[in-house]
Amino acid sequence: MLADLPEQSPDALLALIKMYAADPRKEKIDLGVGVYRTDDGATPVFAAVKGAERDLVERQDSKAYLGPEGCMDFVRCLMPIILGDDMAKSDRIDGMQTPGGTGGVRLAVALAQAAGAKRVWMGTPSWPNHAQILKDIGMEAATFNHAADGATDMDALKDAIAKADAGDAFLLHGCCHNPTGIDYTVDQWHEIAAIIAEKGILPILDLAYQGLGEGLDEDAQGVRIVMKAVPEALLAYSCDKNFGLYRDRVGAVYVQAAEADHLPRIMSNAASFARATWSMPPDHGGSVVREIVADDTLRGEWLDELAGMRRRMLQVRARLAEAGTAGSVDLTPLAQQHGLFAMLPLDKDQIQALRKDHAVYMAGSGRINIAGLTLGNIDRFIAALAKVSG
Ligand code: LMR
């Protein structure tokens with residue numbers, strides 16, 4: 001029986017990790033999966049995380065089960081950071097811990113589906129796993145164009161909203177759009193919030209890179225604007241990138257209810273999905289985040305580390321933009337974009353040639369991870385790009 005299972009291709013993004021590791025060439029450049037790297041090409045554990053882990057080893061006295069919602073001190077300590085101090089006090093918003101942002105997106109979509117949403121609209125290209133999650137849950141996906149000519153395609157979004165039915169959900173990236181790096185401006189967020197509120201759309205906001213764009217508050221403006229405008233919203237959050245806790249799988253889902261007394265009933269649905277899917281989320285990473293946020297010294301250290309990451313990515317973006325063009329690729333728009341990612345207009349053969357002839361690894365979509373570029377490899381990358389696209 002099991003022998004009859006058809007072969008599934010490995011996740012294309014995750015497959016790059018192994019392909020890169022197996023390449024013996026010393027000068028190889030990894031622009032694949034979205035992890036932050038220092039200028040030495042390393043992805044170290046944050047000093048703040050190490051500090052919190054040391055504290056946990058000393059003080060944690062039990063690892064007994066908590067429940068499907070995970071650690072609520074973790075969930076609630078993030079609320080002022082995500083929502084701002086005032087909104088964090090709302091009795092219409094609460095959340096639960098999930099295994100990474102993926103768990104948050106999955107739970108948000110499952111809740112939307114259980115509540116009667118027929119379709120989830122999303123701008124494309126999007127993070128490839130968004131489509132996989134929708135398919136796996138059995139939710140219809142409808143798409144619109146996310147960006148055109150280096151800017152968000154507001155016409156395509158408005159057209160999609162006009163076509164959508166009340167009660168459809170829209171999956172929107174809060175900041176540092178994956179894969180394009182092209183975000184909505186504050187004015188555009190206000191416009192979007194007003195139209196989706198008027199139409200009765202349920203927003204599913206995916207905030208996986210807070211602090212990696214312009215700053216913690218700046219990167220959360222979009223989700224705050226939308227949540228203020230609508231009665232109900234779902235928000236998936238990831239600490240995997242902004243605390244560098246990737247493999248510890250640290251995330252949450254937040255629910256904004258129309259009335260405070262709806263919230264316990266909605267959260268009971270979230271709890272039962274969690275119980276049937278992963279029972280309860282892993283605790284270690286969430287405990288680390290909770291310790292960091294609660295401790296002034298660790299929190300200061302974390303904020304400094306996050307600011308350093310931002311600065312480095314801005315420097316890489318500025319250096320790429322300074323190069324102007326590489327072959328047929330215009331690199332100048334990259335300076336205006338945000339976060340880890342940018343899309344280069346390369347075809348499959350060019351991406352293949354970069355890998356084969358120049359040991360440059362990037363996603364098959366043409367997405368590059370900006371943080372994979374360093375002072376030591378950026379000129380080589382630009383030269384390789386010029387060669388394959390010239
Ligand atoms: C990425 O897009 O590279 C990251 O979000 C990692 C992942 O899980 O795909």
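Because the structure is a prediction, the values reported are computed rather than measured. Just follow the structure's listing: the first ligand is 1, and inside any ligand the first atom is 1.
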Should the pair K387-D357 be classified as a salt bridge under the 4.0 Å nitrogen-to-oxygen rule?
-> no
Quick one: do K199 and D165 make a salt bridge, cutoff under 4.0 Å?
-> no
Option nearest atom 8 (O) of ligand 1 (shortest heavy-atom distance, choices W127, F341, Y246) | W127
What part of N369, side chain from CB on, backbone N/CA/C/O, both or neither, has a heavy atom under 4.0 Å from ligand 1?
-> neither
Looking only at N/O atoms, are G32 and ligand 1 under 3.5 Å apart anywhere?
-> no
Considering only heavy atoms from C-beta outward, does the side chain of M96 approach that of M267 to under 4.5 Å?
-> yes
Salt bridge or not for D240 and R247, using N-O below 4.0 Å?
-> no
Aromatic contact, H177 with H146 (centres under 6.0 Å) | yes
of all protein heavy atoms, closest to atom 4 (C) of ligand 1 is K241 NZ, 3.8 Å
Taking heavy atoms and a distance under 4.0 Å, where does V33 meet ligand 1: side chain, backbone, both or neither?
-> both
Is it true that a side-chain atom of Q337 and a backbone atom of M343 form a donor plus acceptor pair closer than 3.5 Å?
-> no
Quick one: which ligand 1 atoms are inside 4.0 Å of a heavy atom on L13?
-> 1 (C), 2 (O), 3 (O), 9 (O)
Could you list which atoms of ligand 1 come closer than 4.0 Å to a heavy atom of Y209?
-> 5 (O)
